[in-house]
*Asks:* 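Pasting a structure here, questions to come.
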Amino acid sequence: MTAPETDPSDPFLWLEDVQGERALAWVRQRNAESEALLQAQAGYEALRASIREVLDSREQIPQVSRRGEGLYNLWRDAANPRGLWRRTTLAEYRKPEPAWETVIDVDALGQAEGENWVWAGAACLGPDYRHCLVSLSRGGADAHVVREFDTVAKRFVDGGFTLPESKTQVEWLDADTLFVGTDFGPGSLTDSGYPRLVKRWRRGQPLGEAVTMFEVQTRDMVAYASVDRTPGFERTTLTRLEDFYRNELFLLLGDQAVRVDKPGDAQLSFWRERVLIELRSDWRLSGQTFVRGSLLVADAAAYLAGERRLTPLFTPTPTRSLSGYTATRSTLLLTVLDNVTSRIEELGWRDGGWQRRDVQAPTPGALSVSALHDSELGDDPLAEAYLLSAADFLSPDSLQLGTTGGDAREPLKSLPSFFDATGMRVEQRFATSRDGTRVPYFVVWPKGAQADGDHPTLLNGYGGFELPRLPFYAGAMGRVWCSRGGVFVLANIRGGGEFGPGWHQAAVKAGKQKSYDDFAAVAEDLVATRVTRPARLAMRGGSNGGLLVGAVMLQRPELFNAVVCQVPLLDMRRYHRLLAGASWMAEYGDPDDPADWAYISKYSPYQNVPDAARVKLPRVLFTTSTRDDRVHPGHARKMAALMREQGHDVMYWENLEGGHGGAADNTQRAQMMALEYAFLWLQLGPR
């Protein structure tokens, strides 16, 4: 987005001109200043090399997705920084050193075409999965080009389906027909920059002649199509996503879109002959109340005919919430959070009823499960197989192959130990927020650490969009932070999904301040319990978490000595006018509505920066990406410029590639991470 040249109320609006010569000159100057200081710190190069070694390790677990007989993986290492899209078989994958077949070498492709391609995924047509719609992003942006690829011939299809760069939604209907949502020209995108139209596009037909099948309003978030090719249960659905939490679902019957009745904020999906419904709000139905956070099941044909015989498969409690589920041919595998610790439950229809069993899996920590079942295969030998991933702060990730109905699993892969965790320990604690709410958080202690109030401590949080923050194994952080005496803290504040929809809904729109109160309460507790002291306490957050640390930095500056603010939202007066920002108004509110702006204005960082002569703020490092087309880099640019003008100690670094992840490859990611940790050690000092 190119901003107006002047605005008396915003002297730094020119920094929103992403590729503008003046703005990029400012970026290059700030980058040079930050790199000159941080890369000159003692041990910086060793720090960067240590991080890079972890990122490029050939012992990383190759995460796979199944397509027919193949397991596909995108592999990045030092020799392949942009990645190899490759495949193998399950028999090979079981081996310590599988034989992989390269399908696309992204680095070689980019070099041959003179493009800085970053892999953005592939949609393949089953059941043979020969033809795929490959998405490639320039520099890691969300926008991508789409090109039809033949995975047998290993080349792009001459005269095949191609789409120019856009935030495209594309789905196969059959070998010669696609459902496409893309930039068809003026009026075809929503205010959020996503497709407003779904068109049916036949092979050989000019895109301009594709037939519109479905459209939503400009103020909606996006429209898209999904095709279920399960034999005997073939369905095409069209979705109007009003915002992040509300949607309308339609079945395509012939050329007619028929609305499926459901609560507006519920998620309905089809599973063979059944429908599954996840609730974000209580649903009162025929004298019965199904509480928010529940998962319900019903017979699909009966439900579509108007019958509402629903069976709850999961009902939350104050400490238990549904994190997600995956379906095999006949079994649901639920991932349940119990006080932010993962559990797995199986649910299957047997003997005329739903049978439930707890799956014995590693605990405590974070678990994730994915079914290997390919629903397009009528006779699938892996119909009940699944992959189980387990990790915690001090234990490297492991991957196991299991089958529903029992707990015997085959170990497949595991990460090496990237740091020596001997003597380290993890605690879960609870802080009390301003309104009395108990807020959990994890403390990862370095070896031999005691609560003496003097540990360099890094507090992380997010608190938005119903996304939980769970324990994870971070080899690079373990090496360059915990192994050097640093304490790591992960806060599970409201706005996230740790305790289901209610935990999230407590901190949206007018309640967003509760996220900041929770985060500050954790910081206060760290000081009160002598984990650390303000001079040795830093906070870090990205995206919505960047807004979090930006707001808390201004509200409670006395608690911190350093802030790492990554790809942040900060100008909440204009966020909805920048890139995908309009899609987040269900989370934050509409700044153009005076009632909403009344509460947004109280925490919006860009509108609340004080003069340094009046308030001393902790030193801050902003990081972002020129190619971030989700959260506009203007947020970080303008905030840094304003704080500098007000006399605050600000550092800034913008990667010229990377998208919303901040980095397009491991070289860039290692540099970004090294700058951040060099900044933290500079501010907090060694133990």
Side-chain angles (χ1 to χ4, degrees), residues 12 15-16 192 243-244 459-469 490-497 504-523 538-557 559-560 562-591 596-597 599-609 617-618 620-625 628 630-643 650 652 654 660-662 676:
F12 298 109
L15 285 169
E16 290 181 7
S192 302
D243 55 40
F244 257 86
L459 171 59
N460 281 243
Y462 185 77
F465 297 94
E466 205 175 328
L467 296 175
R469 294 297 308 275
L490 183 63
N492 301 118
I493 62 178
R494 282 174 287 182
H504 165 244
Q505 292 162 10
V508 300
K509 294 189 174 181
K512 181 54 71 175
Q513 179 61 41
K514 292 177 182 177
S515 292
Y516 313 141
D517 292 343
D518 290 359
F519 201 64
V522 173
M539 58 178 164
R540 180 176 65 188
S543 192
N544 174 78
L547 171 60
L548 166 71
V549 300
V552 174
M553 169 181 69
L554 300 180
Q555 295 179 12
R556 301 299 305 275
L559 286 173
F560 302 93
V563 181
V564 177
C565 188
Q566 306 161 314
V567 290
L569 287 88
L570 293 166
D571 180 358
M572 300 304 289
R573 186 68 185 89
R574 283 178 53 77
Y575 85 90
H576 62 316
R577 301 182 183 275
L578 300 175
L579 299 175
S583 65
W584 309 322
M585 287 195 287
E587 182 80 9
Y588 304 117
D590 182 356
D596 288 3
W597 179 241
Y599 60 76
I600 297 171
S601 64
K602 293 179 182 178
Y603 70 74
S604 178
Y606 189 60
Q607 281 71 38
N608 284 285
V609 177
L617 296 178
V620 58
L621 169 64
F622 294 103
T623 65
T624 190
S625 163
D628 188 346
R630 191 180 314 171
V631 175
H632 199 293
H635 285 277
R637 293 176 179 181
K638 295 196 305 179
M639 187 73 172
L642 177 60
M643 290 183 67
V650 177
Y652 183 90
E654 179 174 319
H660 192 50
E676 292 173 356

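Given the structure is predicted, the values throughout are model-derived calculations rather than measurements.
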*Asks:* Closest heavy-atom contact between Val609 and Leu642?
*Replies:*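 Between these two residues, the closest heavy atoms are CG2-CD2, 3.8 Å.
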*Asks:* Fit a plane to each ring of Phe622 and Tyr652, take the angle between them on a 0 to 90° scale, and name the class: parallel (under 30°), tilted (30 to 60°) or perpendicular (over 60°).
*Replies:*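 Plane angle between 30° and 60°, so tilted.
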*Asks:* Ignoring hydrogens, what is the shortest heavy-atom contact between Ala506 and Lys514? Give both atom names and the distance.
*Replies:*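 Distance-wise, the nearest heavy atoms are O-CD, 3.2 Å.
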*Asks:* Report yes if some heavy atom in the side chain of Tyr462 is under 4.5 Å from a heavy atom in the side chain of Leu490; otherwise report no.
*Replies:*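 No; the side chains remain at least 4.5 Å from each other.
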*Asks:* Considering all heavy atoms of both residues, which atom of Ser583 and which atom of Phe244 are nearest to each other, and what is their separation?
*Replies:*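 Scanning both residues completely, I find the closest heavy atoms to be O-CD1, 3.2 Å.
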*Asks:* Under 4.0 Å between a Lys/Arg side-chain N and an Asp/Glu carboxylate O for Glu16 and Arg637?
*Replies:*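 A salt bridge is absent here (no side-chain N lies under 4.0 Å from a carboxylate O).
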*Asks:* Roughly how far apart are Arg494 CZ and Asp517 CG, rounded to 0.5 Å?
*Replies:*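 Here the interatomic distance stands at 7.5 Å.
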*Asks:* Side chains of Tyr575 and Tyr606: does their closest heavy-atom pair fall under 4.5 Å?
*Replies:*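 Answer no - side chains too far apart.
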*Asks:* Within the side chain of Ser543, is there an N or O that forms a donor-acceptor pair under 3.5 Å with the backbone of Pro568?
*Replies:*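 Here the side-chain-to-backbone pair does not exist.
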*Asks:* Find out whether Leu570 and Lys638 are in side-chain contact, i.e. whether some heavy atom of one side chain is under 4.5 Å from a heavy atom of the other.
*Replies:*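 They are not in side-chain contact.
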*Asks:* After noting the C-alpha distance and the side-chain angles of His504 and Glu587, does the key distance pass the side-chain contact (heavy atoms from CB on, under 4.5 Å) rule?
*Replies:* CA-CA 10 Å; His504 165 244; Glu587 182 80 9; 2.9 Å; yes
*Asks:* For Phe519 and Val552, which heavy atoms make the closest approach, and how far apart are they?
*Replies:*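 Taking Phe519 first and Val552 second, the nearest heavy atoms are CD2-CG2, 4.1 Å.
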*Asks:* If only atom types and distance count, is the side chain of Asp628 paired as donor or acceptor with the main-chain N or O of Pro633 below 3.5 Å?
*Replies:*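 The answer is no, because no donor-acceptor pair under 3.5 Å joins these two groups.
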*Asks:* Rounded to the nearest 0.5 Å, what separates atom OG in Ser192 from atom CZ in Arg630?
*Replies:*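 The OG atom of Ser192 sits 12.5 Å away from the CZ atom of Arg630.
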*Asks:* Within a strict 4.5 Å, meaning less than it, do heavy atoms of the His576 and Asp590 side chains meet?
*Replies:*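 Yes. Closest side-chain heavy atoms under 4.5 Å.
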*Asks:* Just how far is it from atom CG of Leu547 to atom CE of Met639, taken to the nearest 0.5 Å?
*Replies:*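 Going from the CG atom of Leu547 to the CE atom of Met639 covers 9.5 Å.
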*Asks:* Evaluate the side-chain proximity of Leu548 to Ile493: yes if any heavy-atom separation is below 4.5 Å, no if none is.
*Replies:*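 Touching, per the 4.5 Å side-chain cut-off.
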*Asks:* Between Trp584 and Phe465, what is the ring plane arrangement, given parallel below 30°, perpendicular above 60°, and tilted in between?
*Replies:*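 Because their plane-to-plane angle is over 60°, the rings of Trp584 and Phe465 count as perpendicular.
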*Asks:* So does Tyr588 get a backbone contact from the side chain of Lys509, meaning a donor-acceptor N/O pair under 3.5 Å?
*Replies:*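 No; judged by distance alone, with no hydrogens or angles, the pair does not exist.
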*Asks:* Please report the interatomic distance NZ(Lys512) to OH(Tyr599), rounded to the nearest 0.5 Å.
*Replies:*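 The OH atom of Tyr599 is 10.5 Å from NZ of Lys512, to the nearest 0.5 Å.
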*Asks:* So how far is it from Arg469 CZ to Asn492 CG, rounded to the nearest 0.5 Å?
*Replies:*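 Arg469 atom CZ to Asn492 atom CG measures 8.5 Å (nearest 0.5 Å).
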*Asks:* Which heavy atom of Pro591 sits nearest a heavy atom of Trp597, and at what distance?
*Replies:*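 It is O-CB, 3.4 Å.
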*Asks:* Are Arg540 and Asn460 close enough that a side-chain donor and a side-chain acceptor fall under 3.5 Å?
*Replies:*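 Yes, because at least one side-chain N or O of Arg540 sits under 3.5 Å from a partner of the opposite role on Asn460.
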*Asks:* Where is the tightest heavy-atom contact between Pro605 and Leu554, given as atom of each residue plus distance?
*Replies:*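 Nearest pair, atom of Pro605 first, then Leu554: O-CD1, 3.4 Å.
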*Asks:* Just to verify, which of Gln607, His632, His635 counts as forming a side-chain hydrogen bond (donor to acceptor under 3.5 Å, both in side chains) with Asp571?
*Replies:*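 Single pass found, and it is Gln607.
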*Asks:* Is any side-chain heavy atom of Lys602 closer than 4.5 Å to a side-chain heavy atom of Met572?
*Replies:*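 No. Closest side-chain heavy atoms not under 4.5 Å.
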